[in-house]
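Heads up, the thing below is written out as structure tokens.
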Amino acid sequence: MSDPKPQSTSFHSIASAYKGARPAEQPMADPYAKRLFLIIDSVPEMQRALAMTLSSFGAEKVEYASKAGDALAKLAKYEFDVVLCDYDLGNGYDGLYLFEEVKERNLIKQSCVFMIVTGERRAQRVISAAEQAPDDYLLKPFTGEVLAQRLERAMRRREAFRIVDEAVMRHEYLAAIDACSRKIGEKSEFALDFMKLKGSLSLKIGDYDTARTLYMDVLRIKTVPWAKLGLAKALTGQKAYDEARLLFEEVLRENDRVMEAYDWLARLHQTNHELDKAQQMLASATRLSPVVIRRQKELAQVALKNHDLATAEAASRETLEIAKYTWHRHPTHYAMLARVQMAQGEHGAAARTVASLRRDYRYNEVGEWMADVCDSQLQLKSGNRQRAAQLLSEAQERFATLGAGLPPEAQMEFARACYAQGRQDAGDAAMQALVRNHHDDETLLGQIGDLFEDVGRREAGHQLIASNVQSVIELNNEAVRAAQAGQFEQAIERFAKAHEDMPGNLQVMLNLVNATLAYVHRHGWHESHMRRAHELLKKARELAPANNKFQKLLQAWRILVEKLGKPQWVL
């Protein structure tokens, strides 16, 4: 394992003299010797001090990271047992946000202890009572005895979760939920913790009925903030919006640092078309916790809808600045800022943003394409119609190959540019493909509807959305009816054709896999069908590992290939 610097004998003696630190002469008798640790701290001296303290406990395997990017790379490479992370990671990025990102990307197992180390007492106020809070936090300076006590308590609790580690790391959430149910039934000292995990996983896969029942059971036992928050999320999933809103508001009255509650309330206000209230919620949240890209980005979008260009510009700029140091970094952040600046009439500022995009994404195909799309809009606003048309024509050529792999925001920005220059056919073709590939994503369809309103094509846009959603539903229904009639080959053919037309449509992918499994159950192994289904399941896992239907098909796939003696096909 790597080490920041060779440590001197005198430094070892200092660490072993920490009050309460145990001698390192018995590593085999010490569970610390078997653990893999990650220390995340930008100060080399603090890295060494923590390493020495851990060494005095018997720890032998320690990795180091001095910034968030290094930490994410190591977390993706190794399976750590304990992460000790400094609160201040530089560039406005803190340990709490790193923890949120790590959980979102599924980079640590459930049994991993994630502990925040900080010298800032305000961290006590920042750490919320939300569901994904870190295991603990330490205030500097601290003794070896304090660290040992905190670690032992957290590690003992986290050790209980090893039973679900493999399932969660492999995105097999149904198996993890089953394991949680068994542990809850045993009524061990960690039963409440397993209820918390089961509720979280149920929400993750969209099983809102199970989540609601579980959180209500927890609240009958003990009134804990995370259960109240979880119940509100489950109610939102069941579209019981009024009940959910009251619960989120209650959570915030009890603790105004539960940041997730602000986000969920903002979404509920948007659902009710209460954009002013949504903006107020997001603004309050960003004042309390400014370094969250997702929240800043949503604030910019809502403020733009509200025609509050000053707030939209500030939030867009903040989104771009924060994202530069994270895996969220993307050319669409520049595009959003440039669009707001153009709406403000600040063409010089927009030109500088586009220039930054070209510089930061030089030799990056998507970045250069996005820069041309933004520049075409800027040139049009500046009265340079010929240059605008040339840039958009070049972008349109490359869109043919890039389109399917671009995020929806980028495709929508391209459509805006097309509509602005009177290229309705190109804009409609892009939006038609986007709708057909995401026909069941209500949030995205709403954003596409907003785009059509912005460009003055409200009725035509709503007709485009409705007709394409309906065509996908009808196509799916035809193939499903064929499968229900036992005509599996016909169903497979129809789904395969639909997948060819809509390669990004998740539901079509999963329906094709489902029809393939039904065929094999009836007629036996079919190599080419199963190979394609295997690839589609891998793609679905990349796109939406928590999708409920994917989870059920993953479980059915495992059972089938094991039954047929094909272990090499296990995902």
Side-chain angles (χ1 to χ4, degrees), residues 1-7 15 27 31-119 123 127 132-138 140 147 150-151 154-155 158-159 161-162 164-171 291-293 322-330 541-542 545:
M1 293 293 170
S2 60
D3 196 303
K5 286 183 182 178
Q7 299 170 357
Y32 288 90
K34 301 175 184 178
R35 309 292 185 190
L36 177 57
F37 291 79
L38 175 63
I39 296 173
I40 308 169
D41 201 297
S42 59
V43 180
E45 292 78 9
M46 193 60 195
Q47 287 188 11
R48 288 196 293 271
L50 280 170
M52 276 308 308
T53 307
L54 292 174
S55 177
S56 72
F57 301 160
E60 298 175 351
K61 299 182 288 185
V62 182
E63 283 284 330
Y64 306 86
S66 58
K67 55 187 179 181
D70 297 339
L72 289 168
K74 293 209 169 182
L75 286 161
K77 184 177 181 181
Y78 301 113
E79 286 191 13
F80 289 98
D81 298 294
V82 178
V83 177
L84 299 175
C85 180
D86 188 41
Y87 179 75
D88 184 8
L89 299 179
N91 296 315
Y93 197 98
D94 64 48
L96 291 173
Y97 187 58
L98 176 66
F99 179 66
E100 181 184 349
E101 191 165 326
V102 162
K103 296 291 277 188
E104 186 179 322
R105 294 174 63 181
N106 205 38
L107 293 179
I108 58 173
K109 53 195 178 184
Q110 290 298 317
S111 62
C112 177
V113 171
F114 195 106
M115 192 175 290
I116 298 290
V117 182
T118 180
I127 296 175
Q132 289 192 339
D135 294 289
D136 209 339
Y137 62 91
L138 280 170
K140 304 173 190 173
L147 177 59
R150 297 287 188 87
L151 275 178
M155 286 169 66
R158 281 288 164 187
E159 181 65 25
F161 289 100
R162 286 196 180 277
V164 298
D165 273 351
E166 184 178 349
V168 172
M169 294 299 281
R170 291 168 62 93
H171 300 291
V291 195
V292 178
I293 295 166
I322 300 167
K324 282 184 178 180
Y325 308 104
T326 75
W327 68 292
H328 296 283
R329 180 173 175 264
H330 198 275
R541 183 162 59 187
E542 291 173 9

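Since the model is a prediction, treat every value here as computed from it, not as a measurement.
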Is there a side-chain contact between [X] and [Y], using heavy atoms and a 4.5 Å cut-off?
X: Leu98; Y: Leu89; answer: yes
X: Met115; Y: Leu151; answer: yes
X: Leu75; Y: Phe80; answer: yes

Closest approach of [X] and [Y], non-hydrogen atoms and distance?
X: Ile116; Y: Tyr87; answer: CG2-CB, 4.0 Å
X: Arg541; Y: Arg170; answer: NH1-O, 4.0 Å
X: Asp165; Y: Gln110; answer: OD1-N, 3.0 Å
X: Phe37; Y: Ala59; answer: CE1-CB, 3.7 Å
X: Val83; Y: Cys112; answer: CG2-SG, 3.9 Å
X: Leu72; Y: Leu107; answer: CD2-CD1, 3.9 Å

Answer yes or no: is there a donor N or O on one side and an acceptor on the other, between the side chain of [X] and the main chain of [Y], under 3.5 Å?
X: Lys74; Y: Tyr64; answer: yes
X: Gln47; Y: Asp41; answer: yes
X: Thr53; Y: Ala49; answer: yes

Handout entry: Tyr32 six-ring face occupied by Arg35 cation (under 6.0 Å, within 45°)
Key = no
Practice task
Go through Cys85 and Phe114 one step at a time and tell me if the side chain to side chain contact (heavy atoms under 4.5 Å, CB included) criterion holds.
Solution key: CA-CA 7 Å; Cys85 180; Phe114 195 106; 3.9 Å; yes
Handout entry: Short N-O contact, Lys109 and Asp81, less than 4.0 angstrom
Key =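 Here Lys109 pairs with Asp81 in a salt bridge, since their nearest N and O are under 4.0 Å apart.
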Handout entry: Carboxylate-amine/guanidinium proximity below 4.0 Å for Glu100 and Lys103
Key =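 So Glu100 does not pair with Lys103 through a salt bridge.
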Problem - Stepwise side chain to side chain contact (heavy atoms under 4.5 Å, CB included) test for Leu147 and Phe57 - result: CA-CA 10 Å; Leu147 177 59; Phe57 301 160; 4.1 Å; yes
Exercise for the section: Output, in order, the C-alpha distance, side-chain angles, deciding distance and verdict of side chain to side chain contact (heavy atoms under 4.5 Å, CB included) for Ile40 and Asp86. Expected result: CA-CA 6 Å; Ile40 308 169; Asp86 188 41; 6.0 Å; no
